[in-house]
Number of protein chains: 2
Amino acid sequence: MNPASTAESLSARLAAIASPQRMRIIAVLYAESLHVSELARRLGMSRALLYMHLTKLEEAGFVVGHLEMSDGGKALKFFELVPFAITIDAAALAAAVANDPEAET
Amino acid sequence: MNPASTAESLSARLAAIASPQRMRIIAVLYAESLHVSELARRLGMSRALLYMHLTKLEEAGFVVGHLEMSDGGKALKFFELVPFAITIDAAALAAAVANDPEAET
DNA sequence: TGCACGTGTAATAGAATTCTGACATGTGCA
DNA sequence: TGCACATGTCAGAATTCTATTACACGTGCA
C-alpha cells in the first residue's frame, strides 16, 4: 500500500484524473509525448487552459515536463506520462481516512 | 473491463470519491451502516450537507439508502456501502476516452 | 525587419461545488 | 400538549474550478 496515503493526498490524486479534459490529455500522452503547443492543437484547447490542466496533473504526479531543444534550436516543453496504477476500494479509502491528521475546526 | 466506461461516466464515478468528506462517509459506512442523523453526528456534519454528499455517492453507485423501522416505530433512513473496486491506469483512461461520444463543438 | 512559432503568466468572467441556516412535516412519549 | 428526534428540501452565501483573452518575451528565418 502507499505509505503516505492520507485522505487529502489520495483525494488530490483522484481529483486530478477525475476530469474528462485531463483524461483526454493523459490519453493523448499515453500514445506519445508531445510539447505543449502541439498538444494544445491535438486537443483543440487553448494553451493557457492546457497549462492549468498540465500543472494539476504534474502536481499530482501523473505527468512530468522537461525542456528539449528542437532541431531548429528552439526550446520545446515536452510532457510525458508517468506510469501509474491506482486501485481503490472501501478498505483503501478507510485506510486513507485513518491515516489522516484529524485536523478539523 | 467495464463495458460502458466512457470518460464521462468514469469521471463522474471518480469525482464522487475524490472528496475528503465523501471518503470519510465511506470510511464510516465501511465499519457499519448507519442512519442519516447518526451519521451526521459521527461526522460532525450538518444533515443538509450530508444529504448532498450521500446523493452524489448514491448516484455514483457507492452507497444505497433504504428506510428501516426502528424498535420505537420510527422510520430511519439507513445507508450502506456497495462493495466496489476500481483500478485505473493510463491504458484504462485511454480506453475510456476512446469510448467517448466525441461530441465537441 | 517582420512573420511564424514557441514558452509562460496575469486578469477576468463564468460555472460548478460546497456549505450554512431555516423551514415543513411526522412520530413516540412523558 | 409539548419536547426530542427523525426525514427531506430550499434559498443563498462562500469558495473553488474551468475557461477565455490578452500580454510579455525569445528564436529562427526569408
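In what follows, chains are A, B, ... by sequence order, proteins preceding strands, each numbered from 1. The model shown is predicted, which means the values in this text are computed figures rather than measured ones.
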### Task
Give a yes/no on whether any side-chain N or O of B:Arg41 is located under 4.0 angstrom from OP1 or OP2 of D:dC5.
no
### Summary
Closest non-hydrogen contact found for A:Phe62 with A:Arg13 is CE1-O, 3.4 Å
### A:Thr55 side-chain N/O to A:Tyr51 backbone N/O, donor-acceptor pair under 3.5 Å
yes
### Query
Nearest of C:dT18, C:dT20, D:dT18 to any side-chain atom of B:Ala48?
C:dT20
### Task
May I ask you to verify if any side-chain N or O of B:Gln21 is less than 4.0 angstrom from the OP1 or OP2 atom of C:dC19?
yes
### Nearest listed nucleotide, side chain of A:Lys56, among D:dT20, D:dT18, C:dT7
D:dT18
### Task
Using only heavy-atom distances, decide whether a donor-acceptor pair under 3.5 angstrom links the side-chain of A:Arg47 to the base of C:dG8.
yes
### Task
Would you indicate, yes or no, if D:dA4 has its OP1 or OP2 atom less than 4.0 angstrom from a side-chain nitrogen or oxygen of B:Lys74?
no
### Query
Are A:Ser70 and C:dG6 close enough that a side-chain N or O sits under 4.0 Å from OP1 or OP2?
no
### Message
OP1 or OP2 of C:dT17 versus the side-chain N and O atoms of B:His53: is any pair under 4.0 Å?
### Response
no
### Task
Answer yes or no: does a side-chain N or O of B:His35 lie under 4.0 Å from OP1 or OP2 of D:dA6?
yes
#### Entry: Out of D:dT7, C:dT9, C:dT18, whichever nucleotide has its closest atom nearest the side chain of B:Val36
D:dT7
### Task
Mind checking A:Leu76 for me? I need base, sugar-phosphate or nothing, with any heavy atom below 4.0 Å counting as a touch.
sugar-phosphate
### Task
Search all heavy atoms of A:Ala15 against all heavy atoms of A:Arg22 and return the closest pair with its distance.
O-NH2, 3.2 Å
### Task
Look at B:Lys77 and D:dA6 and indicate whether a side-chain polar atom (N or O) is within less than 4.0 Å of OP1 or OP2.
no
